[in-house]
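So the structure is just underneath, and the comments pick up after that.
Positions are given from 1 along the sequence. Since the structure is predicted, the reported quantities are computational estimates derived from the model, not experimental observations.
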Amino acid sequence: MNLTAQESSLIGECDPEALARMDDKQLKDLQARLRTAREKNFSILRRQGAARVEAEGARGAAQPANEKRGEKVEVFDEALARVAERLEALGDAL
């Protein structure tokens with residue numbers, strides 16, 4: 001995985017033990033930061049993909065070069081799911 005130090009740190013905050021120590025406000029803040037990072041990477045994925053399709057002339061030929069960015073987006077999606085689960089669990093407990 002090709003995460004930057006900042007991205008790795010953000011993903012590290014989504015460790016189940018770390019999430020268990022967070023309150024509702026902290027979880028929502030983390031969720032917002034994760035969404036921002038995911039949207040940024042997704043936007044880059046789309047732009048780079050479109051540019052490669054133009055250069056390669058076909059989507060199939062352009063796909064392999066974009067896989068690492070797609071993996072980043074998946075990592076952020078998984079982290080968002082963990083945060084959402086924790087928020088839901090807190091909501092159910094109230």
Side-chain angles (χ1 to χ4, degrees):
M1 183 59 47
N2 227 4
L3 295 175
T4 66
Q6 186 176 4
E7 290 169 337
S8 291
S9 174
L10 184 58
I11 295 299
E13 290 182 51
C14 301
D15 177 79
E17 290 175 13
L19 293 177
R21 292 188 298 269
M22 292 184 191
D23 63 20
D24 191 56
K25 185 180 181 316
Q26 291 169 313
L27 286 166
K28 287 180 180 175
D29 175 63
L30 177 59
Q31 187 177 45
R33 291 184 291 133
L34 284 166
R35 279 192 181 129
T36 299
R38 183 194 60 193
E39 293 307 315
K40 173 190 158 197
N41 280 286
F42 186 71
S43 177
I44 292 169
L45 175 73
R46 298 280 304 213
R47 281 197 312 266
Q48 287 177 344
R52 284 198 180 96
V53 168
E54 267 185 47
E56 298 286 339
R59 280 183 285 193
Q63 173 110 25
N66 234 5
E67 284 180 10
K68 284 196 189 320
R69 184 71 61 181
E71 289 171 4
K72 268 190 180 188
V73 172
E74 285 180 29
V75 167
F76 285 112
D77 279 340
E78 291 166 7
L80 275 165
R82 286 193 300 274
V83 173
E85 281 178 24
R86 180 64 185 144
L87 274 167
E88 189 175 315
L90 276 180
D92 289 346
L94 296 178

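- With sequence neighbours excluded, the residues forming a side chain to side chain donor-acceptor pair (under 3.5 Å) with Glu13 are Arg33, listed by chain and number.
- Judged as a side chain to side chain contact (heavy atoms under 4.5 Å, CB included), and not counting sequence neighbours, the contacts of Ala84 are Gln31.
- Looking at residues two or more places apart in sequence or on another chain, you find no side chain to side chain donor-acceptor pair (under 3.5 Å) involving Thr36.
- Under the rule for a side chain to side chain contact (heavy atoms under 4.5 Å, CB included), Glu39 has no partner lying at least two apart in sequence or in another chain.
- With a 4.5 Å cut-off on side-chain heavy atoms, Leu19 and Leu30 count as touching.
- Cluster partners of Ile44: none. The rule joins Ile, Leu, Val, Met, Phe, Trp and Tyr whenever side-chain heavy atoms lie under 4.5 Å apart, and it links nothing here.
- With sequence neighbours excluded, the residues that form a side chain to side chain contact (heavy atoms under 4.5 Å, CB included) with Glu17 are Asp15, Arg21.
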Name the atoms and distances for all side-chain donor-acceptor pairs under 3.5 Å in residues 74-82, with sequence neighbours left out.
from  : atom 1 : to    : atom 2 : distance (Å)
Asp77 : OD1    : Arg38 : NH1    : 3.1
Arg82 : NE     : Cys14 : O      : 3.1

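- Not counting sequence neighbours, Arg86 has no partner by the side chain to side chain donor-acceptor pair (under 3.5 Å) test.
- For Lys28, the side chain to side chain donor-acceptor pair (under 3.5 Å) criterion is met by Asp24, not counting sequence neighbours.
- Without hydrogens or angle criteria, Asn41 side chain to Ala37 main chain gives a donor-acceptor distance under 3.5 Å.
- Lys72 and Asn2 get closest at one heavy-atom pair: CE-O, 3.0 Å.
- Closest non-hydrogen pair, Ser8 versus Leu3, comes out as OG-CB, 3.5 Å.
- Side-chain heavy atoms closer than 4.5 Å link hydrophobic residues (I, L, V, M, F, W, Y) into clusters, and following such links, possibly through other members, connects Met22 to Leu10.
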